[in-house]
Amino acid sequence: MAEIEINSLVKRFGAFQAVQDVNITVNDGEFVFLLGPSGCGKTTTLRMIAGLEMPSDGRIAIGGRNVTFLRPRHRNVGMVFQDYGLYRHLTVFGNIAYPLEVRRLERAEIARKVEAVARTMQISEVLQRKPDQLSAGQLQRVAIARMLVRDADVFLMDEPMSHLDAQLRGQMRAELRHIQKSVGVTTIFVTHDQLEAMTMADRIIVMKDGEMLQFATPREIFERPATEFVATFVGEPQMNVFDVRVARIEDRLAAVTEDFVIPFDQAWAQANRLDLRVGQTVRLGIRPEHISIGDRAEAAHGLPAELYSFEPTGAENLYVLRCGDVTVTTRSSTTQTAHLAKHEGSRLFAGFDPKWIYLFETGAGRTIAQAAASQTEAEEA
Ligand SMILES: Nc1ncnc2c1ncn2[C@@H]1O[C@H](COP(=O)(O)OP(=O)(O)OP(=O)(O)O)[C@@H](O)[C@H]1O
Ligand SMILES: [Mg+2]
């Protein structure tokens with residue numbers, strides 16, 4: 001087991017910076033996710049930790065030992081590659097045994113270890129098959145077994161579930177989280193799937209364009225996102241964000257658009273030490289679960305809206321509404337909205353819960369104000 005410490009890590013390919021100044025400390029036994037869109041530098045970062053790619057700058061230490069320029073086999077790191085990287089001419093047994101053979105373990109011990117890990121990964125029945133005789137789910141289990149079989153200090157996993165169907169992914173999420181916690185080996189897991197990261201991680205690093213935007217627990221990432229990008233990347237359906245202008249209405253600051261006004265909540269403004277200029281343009285964010293809908297104009301839902309599209313998901317109803325020029329997605333339980341109209345063009349009313357509003361800078365996207373509700377909870381914790 002080991003802590004991973006990364007300082008000022010940079011990777012350039014010619015003039016292109018694939019990874020810019022990554023700084024993280026992953027604690028001993030921690031399950032950390034590297035989350036970001038395609039091309040943001042996740043694989044490159046992981047390959048530098050594994051020793052498969054040399055950094056252009058920076059330092060990597062595992063268990064207090066500087067490994068920045070060590071060869072992969074001197075780092076004691078187990079890895080699952082994005083394409084699995086299994087040997088097609090070897091059986092499943094041969095593939096899992098390979099890292100142990102390289103280390104010249106005795107045959108009996110190799111067999112014992114391979115069989116034990118095959119039981120954990122539920123692939124005992126396919127040990128004599130070749131990779132091209134396996135299903136996607138089995139292939140993935142073999143790749144994970146090959147990583148687990150070694151007594152590695154660190155596990156690195158690059159999108160290990162991206163080839164699986166939705167149902168298998170759901171099963172594997174729980175299984176992998178369970179295995180990681182029971183072996184207790186420090187693990188970095190790369191994914192572009194926010195649900196995977198949110199459900200499995202101890203902490204998440206959100207990356208974009210080679211840059212690290214935030215490194216925090218799933219709950220912090222969700223409730224206190226550092227930027228608009230982070231806010232919209234986690235959560236499904238994603239946070240609604242649109243341009244507003246700051247105005248003063250009857251002694252109170254409010255967000256206004258061409259079509260409606262959202263007065264700011266006093267406690268929320270105070271908690272955020274809100275410092276806005278009247279006339280300033282900002283981006284207002286609110287998650288779908290914090291917009292209520294009704295069929296009459298009441299205090300709770302005062303904004304006239306037109307139903308753009310109705311999307312039932314089973315347990316929940318998604319209503320996509322047009323409030324003037326702004327389109328928002330709302331989310332509510334099926335029972336709450338059972339009585340509401342469901343055909344496009346219906347007149348409805350929307351209510352934005354003022355305690356759950358976020359504000360982001362126009363342009364850079366840095367968070368200016370967080371939901372008040374999340375702040376109280378964070379302080380309680
Ligand atoms: N050997 C290379 N030479 C030049 N550019 C590279 C090389 N490897 C990666 N890149 C570029 O670096 C960037 C980051 O690539 P990387 O594979 O790390 O992204 P990723 O986050 O893993 O994406 P994905 O989710 O698609 O796997 C991309 O723009 C990619 O084209
Ligand atoms: Mg990748």
Side-chain angles (χ1 to χ4, degrees), residues 4 6-24 26 31-60 62 67-69 71-72 75 77-86 136 139-140 142-144 146-147 154-166 168-169 172-173 176 180 187-201 203-216 218 221 225-236 238 365:
I4 306 171
I6 298 176
N7 297 111
S8 313
L9 190 66
V10 172
K11 180 66 188 182
R12 287 181 219 100
F13 294 110
F16 176 71
Q17 280 227 352
V19 175
Q20 327 194 15
D21 196 26
V22 166
N23 289 283
I24 47 167
V26 178
F31 202 6
V32 164
F33 277 60
L34 201 50
L35 173 70
S38 185
C40 74
K42 304 182 297 295
T43 296
T44 306
T45 303
L46 212 62
R47 287 173 59 83
M48 286 192 281
I49 302 170
L52 300 165
E53 198 82 72
M54 281 299 122
S56 309
D57 216 333
R59 182 178 185 275
I60 301 168
I62 297 178
V67 301
T68 318
F69 299 109
R71 288 174 183 282
R75 299 187 184 208
V77 163
M79 185 157 174
V80 176
F81 295 91
Q82 198 160 359
D83 58 1
Y84 301 151
L86 297 175
L139 277 173
Q140 182 233 21
V142 175
I144 294 169
R146 186 179 56 177
M147 176 193 79
V154 162
F155 290 152
L156 303 175
M157 308 177 82
D158 195 354
E159 311 238 17
M161 318 215 264
S162 56
H163 305 286
L164 304 185
D165 62 44
L168 261 183
R169 286 167 85 115
M172 280 311 290
R173 283 205 299 269
L176 271 185
Q180 197 278 335
T187 304
I188 303 184
F189 186 117
V190 159
T191 184
H192 62 267
D193 180 345
Q194 59 93 22
L195 183 64
E196 232 162 72
M198 292 297 288
T199 51
M200 293 167 74
R203 284 192 293 167
I204 300 174
I205 301 160
V206 183
M207 265 183 102
K208 180 180 177 259
D209 300 333
E211 240 183 298
M212 200 174 100
L213 300 181
Q214 192 166 5
F215 183 22
I221 297 265
T227 69
E228 178 181 332
F229 178 83
V230 176
T232 52
F233 200 73
V234 299
E236 170 63 37
Q238 72 175 42

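Note that ligands are numbered from 1 as they come in the structure, with each ligand's atoms numbered from 1 the same way. All values below come from the heavy atoms of this structure, side chains included, with hydrogens, waters and symmetry mates left out. Positions are given from 1 along the sequence.
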Verify the contact flag for atom 30 (C) of ligand 1, where contact means a protein heavy atom under 4.0 Å away.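 Not a single protein heavy atom is under 4.0 Å away.
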Are any non-hydrogen protein atoms located under 4.0 Å from atom 16 (P) of ligand 1?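 Yes, at least one protein heavy atom sits under 4.0 Å from atom 16 (P) of ligand 1.
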[Y] and [X] side chains, donor-acceptor separation under 3.5 Å:
| X | Y | value |
| --- | --- | --- |
| Glu159 | His192 | yes |
| Thr232 | Gln238 | no |
| Glu53 | Thr44 | no |

Pull out every atom of ligand 1 sitting under 4.0 Å from any heavy atom of [X], numbered as shown with elements.
| X | answer |
| --- | --- |
| Gln82 | 27 (O) |
| Thr43 | 17 (O), 18 (O), 20 (P), 22 (O), 27 (O) |
| Glu159 | 25 (O) |

Under-4.0 Å salt bridge between Arg169 and Asp193: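 Salt bridge: yes.
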What count do you get for protein N, O or S atoms closer to the Mg ion (ligand 2) than 2.8 Å?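 Count of protein N, O, S atoms less than 2.8 Å from the Mg ion (ligand 2): 2.
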What residue and heavy atom of the protein are closest to [atom], and at what distance?
| atom | result |
| --- | --- |
| atom 25 (O) of ligand 1 | Lys42 NZ, 2.8 Å |
| atom 18 (O) of ligand 1 | Thr44 OG1, 2.6 Å |
| atom 23 (O) of ligand 1 | Gly39 N, 2.7 Å |
| atom 26 (O) of ligand 1 | Ser38 OG, 2.5 Å |

Quick one: does [X]'s side chain have a donor or acceptor within less than 3.5 Å of a partner on [Y]'s backbone?
| X | Y | answer |
| --- | --- | --- |
| Arg146 | Tyr84 | yes |
| Lys42 | Pro37 | yes |
| Thr68 | Ile60 | yes |
| Asn23 | Ser8 | yes |
| Arg75 | Ile49 | yes |
| Gln214 | Ile221 | no |

Quick check: [X] and ligand 1, any N/O pair under 3.5 Å apart?
| X | value |
| --- | --- |
| Phe16 | no |
| His192 | no |
| Phe13 | no |
| Ala18 | no |

Where do Met157 and Leu176 land on the side-chain contact (heavy atoms from CB on, under 4.5 Å) test, with the steps shown first? CA-CA 11 Å; Met157 308 177 82; Leu176 271 185; 4.0 Å; yes
Approximate separation, where rounding is to 0.5 Å, of Ile4 CD1 and Ile24 CD1: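 Taking CD1 in Ile4 and CD1 in Ile24, the distance rounds to 7.0 Å.
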Indicate, as side chain, backbone, both or neither, the part of Met207 found under 4.0 angstrom from ligand 1 when only non-hydrogen atoms are considered.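 For Met207, there is no contact with ligand 1 at all, from either part.
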What do the steps show when you test Phe155 against Gln180 for side-chain contact (heavy atoms from CB on, under 4.5 Å), and what is the final call? CA-CA 9 Å; Phe155 290 152; Gln180 197 278 335; 5.8 Å; no
